[in-house]
Amino acid sequence: MGRTKIDKSGFSEKGLGCRFAVAPDPTTEVVGERASNGGVVVFSAVLFVLAFAMVLGLGGLVAGGVGLGIVAAALLAGLVAVSSCHIAQQWERVVVLRLGRFNRVSGPGLFWTWPVVEANTLRVDTRTRVTTFYAEETLTADLVPLDVDAVLFWHVWDAKAACLEVGDFTRAVEMAAQTALRDAIGRAGAAEVAIRREQLDRELKRVLEEKTAPWGVTVLSVEVRDILLPRELQETMSLEAQAEQRKKARIILMEAEQDVFETLAEMEDLVGGPEALGRLRTMHLLNESLREGKGTVVIPSAFAEGFNEGLGGLLKG
């Protein structure tokens with residue numbers, strides 16, 4: 001079935017068998033703009049060296065020399081120091097569990113954990129995320145199949161809830177958005193979905209806010225990007241719009257004619273009665289019909305007949 005894609009600019013693109021090829025994009029980072037981890041690596045290396053040197057020096061002073069046991073203890077101290085020290089970026093929040101129980105949310109910046117006892121369960125990016133979702137071949141209330149493509153802007157405001165209340169909050173947000181879009185399309189007609197796009201955006205945002213609030217997620221906005229209508233439906237909607245415009249034009253013309261007749265009625269005494277008004281109106285209509293075109297109007301008149309009679313008398317004479 002032929003499809004017509006209607007975007008926000010109002011233009012349409014026709015195609016055959018056109019399908020969406022969109023996928024969720026949970027990350028907001030661009031490959032060329034990712035922060036370097038070199039500083040974290042260098043900091044960990046320096047911390048390891050300091051811990052190793054400190055334990056090695058203390059062990060040498062106490063034991064009076066450096067043996068294999070002291071070297072092993074120094075290596076263990078360096079590994080413990082590195083595993084206990086962590087750095088979270090400005091936009092990151094880290095959920096820390098202690099023996100399997102929630103303990104705290106750390107970050108941003110430098111923070112410490114107890115080795116073995118505490119674990120960093122999840123690093124949550126709190127920046128705004130962009131997720132594309134779509135509904136393909138979804139039936140509207142009037143049984144018209146539509147393909148709708150939308151984009152969701154959201155972010156995590158509660159890292160604890162995002163970690164503890166849902167297994168994969170990114171996937172959950174995507175599925176919730178897609179389900180809400182399908183439900184909204186099924187409750188409305190095809191023309192309503194195509195025309196009232198802003199209303200659909202607000203409805204989706206309200207539904208998703210209620211759904212994702214327990215997960216620590218805030219929905220910033222939902223925007224419908226593209227709508228694919230069957231070609232036959234698009235042609236029908238075009239004819240309907242043209243008929244509506246012709247109806248409005250005729251109504252305006254009738255109102256204008258009414259105003260003209262009211263004005264002529266006020267001029268009846270001035271021009272010399274109803275018959276004069278009729279002739280004046282006829283001349284006006286002829287002028288309007290010829291002003292934009294190149295046609296010619298032939299009007300029979302008594303003057304032409306008298307001219308022909310006079311010419312016939314001269315010929316007889």
Side-chain angles (χ1 to χ4, degrees), residues 23-62 66-131 152-176 212-220:
D25 184 13
T27 180
T28 57
E29 288 188 340
V30 181
V31 175
E33 298 179 356
R34 291 181 179 176
S36 174
N37 291 325
V40 178
V41 174
V42 172
F43 178 82
S44 300
V46 172
L47 183 63
F48 176 84
V49 171
L50 289 176
F52 179 83
M54 185 178 297
V55 173
L56 192 66
L58 290 176
L61 291 176
V62 173
V66 177
L68 184 61
I70 296 177
V71 173
L75 288 174
L76 180 61
L79 293 176
V80 169
V82 172
S83 62
S84 300
C85 181
H86 309 277
I87 296 178
Q89 304 295 339
Q90 179 65 37
W91 56 86
E92 288 181 333
R93 301 295 182 270
V94 182
V95 179
V96 180
L97 300 183
R98 178 176 296 175
L99 296 179
R101 288 180 173 272
F102 173 79
N103 181 260
R104 66 186 183 277
V105 176
S106 300
L110 180 67
F111 66 96
W112 300 82
T113 58
W114 292 102
V116 182
V117 178
E118 294 181 341
N120 300 334
T121 304
L122 182 66
R123 284 180 177 261
V124 180
D125 191 333
T126 59
R127 293 175 295 181
T128 300
R129 307 190 184 195
V130 182
T131 299
L152 172 66
F153 296 88
W154 59 283
H155 73 93
V156 179
W157 61 271
D158 188 352
K160 175 184 176 182
C163 179
L164 303 181
E165 300 298 332
V166 61
D168 185 351
F169 62 88
T170 300
R171 182 67 173 173
V173 169
E174 176 204 349
M175 292 292 100
T212 61
W215 305 339
V217 173
T218 296
V219 176
L220 301 177

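The model shown is predicted, which means the values in this text are computed figures rather than measured ones. All heavy atoms count here, side chains included; hydrogens, waters and symmetry mates do not.
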Sequence neighbours excluded, the answer for side-chain hydrogen bond (donor to acceptor under 3.5 Å, both in side chains) partners of T126 is none
Output for pair (S83 OG, W112 CH2), nearest 0.5 Å, gives 9.5 Å
In V105, V94, V156, the residue satisfying side chain to side chain contact (heavy atoms under 4.5 Å, CB included) with V124 is V156
Residues passing the side-chain hydrogen bond (donor to acceptor under 3.5 Å, both in side chains) test with H155, sequence neighbours excluded, are none
Do V96 and N120 touch side chain to side chain, with heavy atoms closer than 4.5 Å? yes
When rounded to the nearest 0.5 Å, the distance separating CH2 of W154 from CH2 of W215 is 10.0 Å
Enumerate donor-acceptor pairs with a distance under 3.5 Å from any side-chain N or O in residues 41-58 to protein atoms, sequence neighbours excluded.
from, atom 1, to, atom 2, distance (Å)
S44, OG, V40, O, 3.0

Taken to the nearest 0.5 Å, the spacing of T121 OG1 from K160 NZ works out to 13.0 Å
Applying side-chain hydrogen bond (donor to acceptor under 3.5 Å, both in side chains) to T218 and not counting sequence neighbours gives W157
Rounding to 0.5 Å, atoms CG (L97) and CG (L164) come to a distance of 7.0 Å
Output for pair (R129 CZ, F153 CZ), nearest 0.5 Å, gives 14.5 Å
Quick note, salt bridge (Lys or Arg N to Asp or Glu O under 4.0 Å) partners involving residues 76-96, not counting sequence neighbours, are E92-R123
Minimal heavy-atom distance between G60 and I70, with the atoms involved, is N-CD1, 4.1 Å
In short, side-chain hydrogen bond (donor to acceptor under 3.5 Å, both in side chains) pairs touching residues 94-104 with sequence neighbours left out are R98-E118, R104-S106, R104-E118
